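Below is one structure, written out as structure tokens, with a few remarks after it.
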There are 2 protein chains.
Amino acid sequence: MARTDEKVRNLPAGKRASYTPETAAQGVQNVIRVLEGRWKLVILFQLFGGQVRRFSELERAIPGVSQKMLIQQLRQLEADGVVARIVHHQVPPKVEYHLTEWGQALCPALDALLIWAEAAPSDLRSRLIQATPCD
Amino acid sequence: MARTDEKVRNLPAGKRASYTPETAAQGVQNVIRVLEGRWKLVILFQLFGGQVRRFSELERAIPGVSQKMLIQQLRQLEADGVVARIVHHQVPPKVEYHLTEWGQALCPALDALLIWAEAAPSDLRSRLIQATPCD
DNA sequence: CGGTATCCGGAATGATACTG
DNA sequence: CAGTATCATTCCGGATACCG
């Protein structure tokens with residue numbers, strides 16, 4: 001499924017839903033609102049690939065995050081239907097998080113953003129692509 | 001160029017640059033940082049398709065924006081290499097803005113986000129897709 | 001373990017006035 | 001016309017303490 005090919009000639013409109021510049025901007029802003037937040041993407045990438053993690057695992061996997069922020073961002077992602085929450089009623093409590101099917105589908109879209117970043121002119125790349133340890 | 005096809009099985013890694021969950025999250029965050037800001041996407045969609053607009057045109061085309069915010073967001077987009085600025089030295093002053101080639105290339109990536117939004121489960125779509133007048 | 005409640009500082013945004 | 005400068009406000013994230 002090559003969605004963005006020759007048929008899109010420069011505007012992400014004209015197909016499917018038909019956007020005006022205003023509605024398209026709004027649409028993307030809504031998506032960004034779902035994704036923005038200091039820790040959301042980090043959480044997402046911890047969960048991609050069908051992984052299931054409990055709260056404390058995420059807390060340990062994400063250095064620097066506070067409980068407040070972690071739960072806040074998780075709850076927002078949950079409210080937005082990206083992340084699902086499973087409560088195991090037991091002592092000690094156990095709560096697990098994983099991506100919804102729709103959340104998983106974010107991957108190609110984020111990938112498109114990374115591809116765009118990689119295409120940055122060389123004088124700008126330093127701000128977008130960090131020297132990965134595996135360079 | 002179908003970039004995100006069967007080869008990406010769920011992680012946006014494994015090809016090209018090879019990302020870890022951490023670097024991928026960072027990469028996407030950097031892109032979002034470029035795009036976030038109350039007015040940036042609105043500006044972008046005013047400029048997509050090779051359009052050239054002067055300052056006052058953008059000001060009129062974007063209801064609610066203040067001069068301060070408009071110039072601030074334009075300058076940031078310019079610094080990020082997404083927008084280019086042309087100053088015509090004349091009286092009265094005339095300054096025009098348009099997308100760089102790289103800025104234009106954002107279109108398919110944003111399109112991918114819109115496609116994702118359109119795939120939202122029906123109970124969530126209302127928050128992502130606004131009832132377009134053209135529905 | 002997996003949260004909630006409260007307080008605080010800084011950044012992002014907005015309103016308004018002024019200028020080359 | 002295309003900005004700058006200043007001030008007020010709102011919002012986000014962090015620190016800390018407490019709870020079922």
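Keep in mind it's a predicted model, so treat the numbers as computed, not measured.
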Quick one: do B:Val87 and B:Val52 end up in the same hydrophobic cluster if we chain Ile, Leu, Val, Met, Phe, Trp and Tyr together by side-chain heavy atoms under 4.5 Å apart?
-> no
Whether [X] contacts [N] is assessed here as follows: a side-chain N or O lying under 4.0 Å from the phosphate OP1 or OP2. Is that the case?
X       : N      : value
B:Arg75 : D:dA2  : no
B:Arg54 : D:dA2  : yes
B:Trp39 : C:dG14 : yes
A:Ser56 : C:dC1  : no
A:Tyr97 : C:dG2  : no

Measure [atom1]/[X] against [atom2]/[N] and give the value in whole Å, please.
X       : N      : atom1 : atom2 : answer
B:Met69 : D:dA2  : CE    : P     : 19 Å
B:Ile43 : C:dT13 : CD1   : P     : 11 Å
B:Arg33 : D:dC12 : CZ    : P     : 16 Å
B:Leu41 : C:dT13 : CG    : P     : 12 Å
A:Gln29 : C:dT13 : CD    : P     : 11 Å
A:Glu36 : C:dT13 : CD    : C1'   : 13 Å
B:Leu70 : C:dA15 : CG    : P     : 14 Å

Euclidean distance, A:Ile43 CD1 relative to A:Phe48 CZ, rounded to 0.5 Å | 12.0 Å
Looking at CG of B:Leu47 and CG of B:Leu77, how far apart are the two atoms once the value is rounded to the nearest 0.5 Å?
-> 9.0 Å
Earlier contact from the 5' end, DNA chain C, for B:Arg38 and A:Leu74 | A:Leu74
Please enumerate all residues that pass salt bridge (Lys or Arg N to Asp or Glu O under 4.0 Å) together with [X], with sequence neighbours excluded.
X        : result
A:Glu57  : none
A:Arg75  : A:Glu78
B:Arg127 : A:Asp80
B:Glu36  : none

Of C:dG2, D:dG3, C:dG14, the nucleotide closest to the side chain of B:Ile71 is D:dG3
Can you list every ring-ring contact (aromatic ring centres under 6.0 Å, His included) pair that touches residues 56-107 of chain A, not counting sequence neighbours?
-> A:Trp102-B:Trp116
Given that A:Gln67 and A:Gly37 both sit by DNA chain D, which one's nearest nucleotide is further toward the 5' end?
-> A:Gly37
Restricting to side chain to side chain contact (heavy atoms under 4.5 Å, CB included), what partner residues turn up for [X], sequence neighbours left out?
X       : result
A:Gln67 : A:Phe55, A:Glu59
B:Gln46 : A:Pro21, A:Glu22, B:Arg53, B:Leu58, B:Ala61, B:Ile62
B:Arg38 : A:Gln29

Determine to 10° how strongly the helix from C:dC1-D:dG20 to C:dG20-D:dC1 is bent, judged from the axes of its five-pair ends.
-> 50°
Please list, chain by chain and in numerical order, all residues satisfying side chain to side chain donor-acceptor pair (under 3.5 Å) with B:Gln72, sequence neighbours excluded.
-> none
Using nucleotides 5-11 of chain D, report all nitrogen or oxygen pairs with the protein that are shorter than 3.5 Å.
none

Have a look at A:Gln72 and say if it touches a base, only the backbone sugar-phosphate, or nothing, with a 4.0 Å heavy-atom cut-off.
-> sugar-phosphate
Sorted by number, the residues of residues 78-94 of chain A with heavy-atom contact under 4.0 Å to DNA chain C = A:Arg85, A:Pro92, A:Pro93, A:Lys94
